[in-house]
There are 2 protein chains.
Amino acid sequence: MGQWLSIGALSRATGVKVETIRYYERIGLMPAPLRSEGGHRQFREAELRRLRFIRRARELGFTLDEVRELLKLADGGAPCAEVEVMARAHLTGVRERIADLQRLAESLAHLTRRCERVDTSAVCPLIDDLFGD
Amino acid sequence: MGQWLSIGALSRATGVKVETIRYYERIGLMPAPLRSEGGHRQFREAELRRLRFIRRARELGFTLDEVRELLKLADGGAPCAEVEVMARAHLTGVRERIADLQRLAESLAHLTRRCERVDTSAVCPLIDDLFGD
DNA sequence: CCTTGAATCTGTAGCCACTACAGGTTCTAG
DNA sequence: CTAGAACCTGTAGTGGCTACAGATTCAAGG
């Protein structure tokens, strides 16, 4: 009943799974928290904020390494310009992935459209296409 | 100099890396090929066609399990309807991923836009946002 | 025929970001 | 005091490769 959260409470508060929290600690993304007599983790406000930050950055698609970088910038006073550079680079990457997937969806749609026109169970043009030279 | 390809030649012919070809064999996606006296793999037309099929299906974003399924269908005469079902399901998945990424790009664009408006090196609104409750 | 060096062989470990156990200990409510 | 929920550590698995290390085999040139 103090000012701390158990790992389960922190998990509920952030939406990050218990195992993942321990994983983040293991890889040094989260600091080692205080412990109870018996060895249970006790988290405080700072850790809650940090973990929320991590979760949101992950939701924006940053890799853990990028999150690490972002946290370093944040901890170091965060010159906005540098953060923006990272975010923009990331955005560019995301847009490229979207473009890739769109091309892919295009191809798939095209292939399935060809499938539609085959009466019942002839040789599938999609399969044929994948095999063709 | 017969009718077979070495693993390197197959790799060049398909664009699939040598290690990946061996990996596909290990997981049973490619059949175990003939071997030379000394133990080197000897691939023939059938394997070339199969590997090309795999590569193209992978380019369309199918998982290896889906590729396996597709190959089973292809080997079994391929009733076009079933193939179409798989392809459509896959297409739906791809479109969902595109939608997810677009939402993500939207958020990122929004955040970086807010960054732009900060003069020089104030507290970064992007970082702030990720920390906020 | 012999040598050189490129290609190939097997087996194992690493990557990312978790997730899922197993087998034990601690905490908390009744 | 006790039951059982929550927690602990450590290890292994996921997908789809990729990257070694250290040994062997192959093809071409002399």
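The shown structure was predicted, so the numbers you read here are calculated from the model rather than taken from an experiment. Only heavy atoms go into these numbers, but all of them, side chains included; no hydrogens, no water, no symmetry mates. Reminder, nothing fancy here: chain letters follow the sequence lines and each chain counts from 1.
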Under 4.0 angstrom between Ser36(A) side-chain N/O and dC27(C) OP1 or OP2: yes
Met30(B) CE to dC17(D) C1': how many Å, rounded? 16 Å
If I take atom CZ in residue Arg26(A) and atom C1' in nucleotide dC8(D), what distance separates them, rounded to the nearest angstrom? 13 Å
Rounded distance [0.5 Å steps], CG in Leu104(B) versus CD1 in Ile98(A): 7.5 Å
Using a cut-off of strictly less than 4.0 Å, decide whether Ser6(B) has a side-chain nitrogen or oxygen near OP1 or OP2 of dT8(C). yes
Just how far is it from atom OG1 of Thr20(B) to atom CE of Met30(B), taken to the nearest 0.5 Å? 11.5 Å
For Phe62(A), answer base if it contacts any base atom (sugar-phosphate contacts may also be present), sugar-phosphate if it contacts only those atoms, and nothing otherwise; contact means non-hydrogen atoms under 4.0 Å. nothing
Here the distance between atom P of dT25(C) and atom CZ of Arg35(A), to the nearest Å, is 16 Å
Would one find a side-chain N or O of Tyr23(A) under 4.0 angstrom from OP1 or OP2 of dC16(C)? no
Taking dC18(C), dT8(C), dC7(D) as options, the one with an atom nearest any side-chain atom of Arg58(A) is dC18(C)
Here the distance between atom C1' of dG16(D) and atom CD of Glu25(B), to the nearest Å, is 17 Å
Atom pair CZ (Arg58(A)) and CG (Leu51(A)), whose distance is rounded to the nearest 0.5 Å: 12.0 Å
Fit a plane to each ring of Phe62(A) and His90(A), take the angle between them on a 0 to 90° scale, and name the class: parallel (under 30°), tilted (30 to 60°) or perpendicular (over 60°). parallel
Starting the side chain at C-beta, find the nucleotide from dA20(C), dT8(C), dA17(C) nearest to Glu19(A). dA20(C)
If you assign each of Asp65(B) and Gly38(B) to its closest nucleotide in DNA chain D, which residue comes earlier from the 5' end? Asp65(B)
Among dC7(D), dT19(C), dT18(D), the one nearest any side-chain atom of Arg22(A) is dC7(D)
d(Cys115(B) SG, Glu82(A) CD) to nearest 0.5 Å is 11.5 Å
Please say whether more than 12 non-hydrogen atoms of neighbouring residues, nucleotides or ligands are located less than 6.0 Å from CD in Glu59(A). yes
So, does Tyr24(A) get its side chain near the phosphate of dA17(C), meaning an N or O under 4.0 Å from OP1 or OP2? no
Rounded to whole Å, CD of Glu37(A) lies from P of dC7(D) at a distance of 18 Å
Rounding to a whole Å, what distance do you find between Gln42(A):CD and dC7(D):P? 12 Å
With respect to the side chain of Thr20(B), which nucleotide from dT18(D), dT19(C), dC9(C) is positioned closest? dT18(D)
Describe the nucleic acid contact of Arg41(A) in one word from base, sugar-phosphate, nothing, applying a heavy-atom distance below 4.0 Å. sugar-phosphate
Check the distance between dA20(C)'s C1' and Ile21(A)'s CD1 and give it to me in whole angstrom. 16 Å
What nucleotide among dT8(C), dA20(C), dC7(D) has an atom nearest to a side-chain atom of Ile7(A)? dC7(D)
Could you state the CG-P distance from Leu60(B) to dG16(D), rounded to the nearest angstrom? 15 Å
Where the side chain of His40(B) is concerned, which of dA17(C), dC27(C), dA7(C) is the nearest nucleotide? dA7(C)
Checking dT18(D), dA17(C), dC9(C) against the side chain of Leu64(A) (C-beta onward), the nearest is dA17(C)
